[in-house]
Amino acid sequence: TTTELASLGSRFLAKIVDLALWLPAMVLPSFFLKEQQVAELSQLQKKMQDATTSDQALQLQEQLFTLIPPEAWQAMGVYIVLMLVAQAFLIARSGQSLGKKVSKIQIVDAENGEKVNLMRAFTLRSVIFIILNMIFMPFITIIDHVFALSEKRQTLHKKKKKTKVI
């Protein structure tokens, strides 16, 4: 029996939900800033917009990072680790991230349609493709998702892991 592939729309919704779950990590530092630091942050952001050289921008970015208290970085780290563990657990258990659960789609083996192990379903995607995205953004993201337009609707990372989304 052939299982119907997930539509691009349901895959897009799953991606949006999964990406939205990372937003709290970016908001967390604001809860740790004192009033004076918020004012400094605002000034730094204005200066960054007016920066004319990449050296100026990098220097201001460094100042911005030092403005964020260590507790905020720790909270971000804890949130990110918890999110990775939760997503890994869900993907290992059902082949579904939170976004895929919402979209009612799942990751399966491309050849036999069965559930895939944690290494194939999560680790390769989350570790290798996150690192590649950090280095080659936006090129790797575009290349990865252009593959989803093929007949089999497999992104590059799904092709490499021999998985598909149904």
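Remember, it's a predicted structure, so these values are computed and weren't measured experimentally. For the single chain, residues carry numbers from 1 onward in sequence order.
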| said: Would the distance check show the side chain of Gln37 and the main-chain N or O of Ile68 forming a donor-acceptor pair, the cut-off being under 3.5 Å? | reply: no
Take atom CD in Glu71; do more than 12 heavy atoms of anything else shown fall under 6.0 Å from it? yes
#### Entry: Derivation of the side-chain contact (heavy atoms from CB on, under 4.5 Å) call for Lys100 and Ile107
CA-CA 9 Å; Lys100 283 182 177 55; Ile107 302 166; 3.6 Å; yes
Side chain of Gln96, backbone of Ile105: donor and acceptor closer than 3.5 Å? yes
Identify all side-chain donor-acceptor contacts of residues 38-49 below 3.5 Å with residues at least two apart in sequence or on another chain.
unit_1: Glu40; atom_1: OE2; unit_2: Gln36; atom_2: NE2; d: 3.3

The reported gap from CD in Gln74 to CG in Leu28 (rounded to nearest 0.5 angstrom) is 12.0 Å
Do any side-chain atoms of residues 78-92 form donor-acceptor pairs under 3.5 angstrom with protein atoms, and if so which ones, sequence neighbours left out?
unit_1: Tyr79; atom_1: OH; unit_2: Leu21; atom_2: O; d: 2.5
unit_1: Gln87; atom_1: OE1; unit_2: Leu98; atom_2: N; d: 3.0
unit_1: Gln87; atom_1: NE2; unit_2: Asp18; atom_2: OD1; d: 3.2

Ala72 and Pro29 have their tightest heavy-atom pair at CB-CA, 3.8 Å
Distance col, row Lys104:NZ vs Leu13:CG, nearest 0.5 angstrom, shows 10.0 Å
In terms of side-chain heavy atoms, does Gln56 have a donor or acceptor partner in Thr52 at a distance below 3.5 Å?
-> yes
| said: Strictly distance-based, threshold 3.5 Å: is any side-chain N or O of Ser10 a donor or acceptor partner for the main-chain N or O of Ser103? | reply: no
Shortest non-hydrogen pair, Phe32 vs Pro69, comes out as O-CG, 3.6 Å
The ring-ring contact (aromatic ring centres under 6.0 Å, His included) partners of Trp73 (sequence neighbours excluded) come to Phe65
CG (Leu60) and CG (Asp55) are apart, to the nearest 0.5 Å, by 11.0 Å
When rounded to the nearest 0.5 Å, the distance separating CG of Leu58 from OG1 of Thr53 is 8.5 Å
